[in-house]
Number of protein chains: 2
Amino acid sequence: MKTTPEQDHDAPATGPGAGLGTRERIVRAASRLMQRQGYEGTGIKQISREANATLGSVYHFFPGGKQELATEAIRHGDREFAGMLRTALESRPDPAEAVAATASLLAADLRASDWLDGCPVTATSLGAAANAPGIRSAAAEAFERWRGLVHDRLLATGFAAQDAHELAHTVINTLEGAELTAQIARSEEPLLIAGRHLARLIDSYR
Amino acid sequence: MKTTPEQDHDAPATGPGAGLGTRERIVRAASRLMQRQGYEGTGIKQISREANATLGSVYHFFPGGKQELATEAIRHGDREFAGMLRTALESRPDPAEAVAATASLLAADLRASDWLDGCPVTATSLGAAANAPGIRSAAAEAFERWRGLVHDRLLATGFAAQDAHELAHTVINTLEGAELTAQIARSEEPLLIAGRHLARLIDSYR
DNA sequence: GTCTATAACGAGATAGAC
DNA sequence: GTCTATCTCGTTATAGAC
């Protein structure tokens with residue numbers, strides 16, 4: 001990990017990216033754009049423009065080019081959703097309720113973006129996964145981490161190990177699929193139904 | 001619908017596409033390639049090559065260009081999975097078992113393609129949906145049709161209308177999300193767990 | 001670290017002969 | 001319906017001054 005802060009010649013004083021280093025602005029712009037347009041649909045020039053950085057700076061920080069940048073973008077999306085999920089699980093005593101609340105939150109965020117911002121990890125990795133192993137494995141690690149958060153919380157609240165393992169899988173996968181459908185259908189309904197069904201499924205193992 | 005058969009100068013006598021008209025070969029090639037590489041990652045020239053057709057033929061049949069072709073490719077994937085789902089639902093008396101069997105079949109197909117062939121509708125529409133309304137709505141119609149098949153079968157086997165409606169949503173969405181995760185993780189496990197959990201969820205409404 | 005210019009290539013789409 | 005040639009534009013990536 002690189003920790004030395006760069007000099008930040010052109011950091012904007014306001015707007016998204018205010019006060020952030022150049023590298024971080026680039027990663028965030030890449031993550032947001034690939035979330036909406038996918039890996040192949042997003043150009044490096046567009047990323048550099050959106051991040052208020054020059055093309056030279058992008059290749060300075062990411063000599064591996066677009067693939068390296070996409071890998072970082074996926075890790076950024078990973079941390080983002082992991083934070084949301086951890087907060088939900090920690091702030092509610094009942095994991096079933098926490099999952100349903102997360103589904104509602106995803107639905108609200110999706111609507112607020114006019115159905116543009118789906119899962120950044122899925123959008124970025126789908127289609128690039130076949131030819132770019134680094135991108136695929138970064139996405140696999142993200143899903144694994146999210147499952148781990150759910151799994152640990154279920155274990156801590158008294159579920160059997162095998163049940164916790166399997167429930168964690170379905171919780172993440174169903175949220176993923178419902179968010180995708182909600183985005184395509186431009187409706188919150190799939191996510192809201194998913195939240196209720198997941199809570200019911202979890203409760204059925206008590 | 002166009003029903004007049006074209007003249008088929010160059011239809012290959014063997015291999016994929018044997019005995020098919022040019023238009024159909026193009027649609028199938030587009031569907032298969034976009035399933036693996038996504039909309040933006042697939043070029044029209046690549047499609048025409050794979051379909052044993054010339055670029056001129058592609059634009060002859062699809063004057064709307066890449067977007068029109070992608071729309072047809074999605075409809076093709078729609079019909080394909082609808083057929084698999086209908087067969088499973090009709091060949092088993094218990095819809096819960098039919099859903100679990102479908103999950104297993106998806107897992108086997110995914111592994112057989114070395115984890116390359118995920119859901120063609122998702123792969124093609126994600127990333128293109130924002131800027132191409134026709135593509136988005138074709139994908140929405142596909143999901144709707146699949147849900148309808150499950151919904152009707154649940155109704156016919158005695159489930160309440162509201163339960164059937166909601167279960168159909170979660171069945172399709174969970175299969176979708178589990179297939180996605182299985183592809184990224186290169187493992188059948190997410191789909192097999194999803195099949196069991198969906199059967200359990202359905203049974204809980206009897 | 002930042003910036004500009006440009007190389008090298010492939011994309012989508014079109015024109016018009018056959 | 002098929003085929004080839006071509007136009008125009010955008011892409012990733014690099015070079016080298018500052």
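So that the names make sense, note that chain A is the first sequence line, chain B the second, and so on, each numbered from 1. All values derive from a computational prediction rather than experimental measurement.
Surrounding CG of N131(B) are at most 12 heavy atoms belonging to other residues, nucleotides or ligands under 6.0 Å away.
The CD atom of E68(B) sits 12 Å away from the P atom of dT14(C) (whole-angstrom rounding). Spacing between atom CG of L20(B) and atom P of dG1(D) amounts to 15 Å, rounded to whole angstrom units. Spacing between atom CD1 of I47(A) and atom P of dT11(D) amounts to 11 Å, rounded to whole angstrom units. dT2(D) atom P lies 12 Å from atom CZ of R23(B), rounded to whole Å. Summarising the geometry, the separation between CZ on F62(B) and P on dG1(D) is reported as 12 Å, rounded to the nearest angstrom. The separation between E24(B) atom CD and dG1(D) atom C1' is 17 Å, rounded to whole Å.
L154(B) is not listed as a side-chain neighbour of H165(B), based on a closest heavy-atom distance of 4.5 Å or more. With contacts defined as side-chain heavy-atom distances shorter than 4.5 Å, the pair R186(A)/D114(A) qualifies. You'll find the side chain of Y59(B) reaches within 4.5 Å of the side chain of I44(B), heavy atoms only.
No salt bridge links E50(A) with R25(A); every basic N to acidic carboxylate O contact stays at or beyond 4.0 Å. Between R23(A) and E72(A) a salt bridge is recorded (basic side-chain N to carboxylate O distance below 4.0 Å).
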Reading 5' to 3' through nucleotides 12-18 of chain D, protein heavy-atom contacts under 4.0 Å coded B for base, S for sugar-phosphate only, - for none: BBB----
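Note on T22(B): a side-chain N or O is less than 4.0 Å away from OP1 or OP2 of dT2(D). OP1 or OP2 of dT2(D) sits under 4.0 Å from a side-chain N or O of S57(B).
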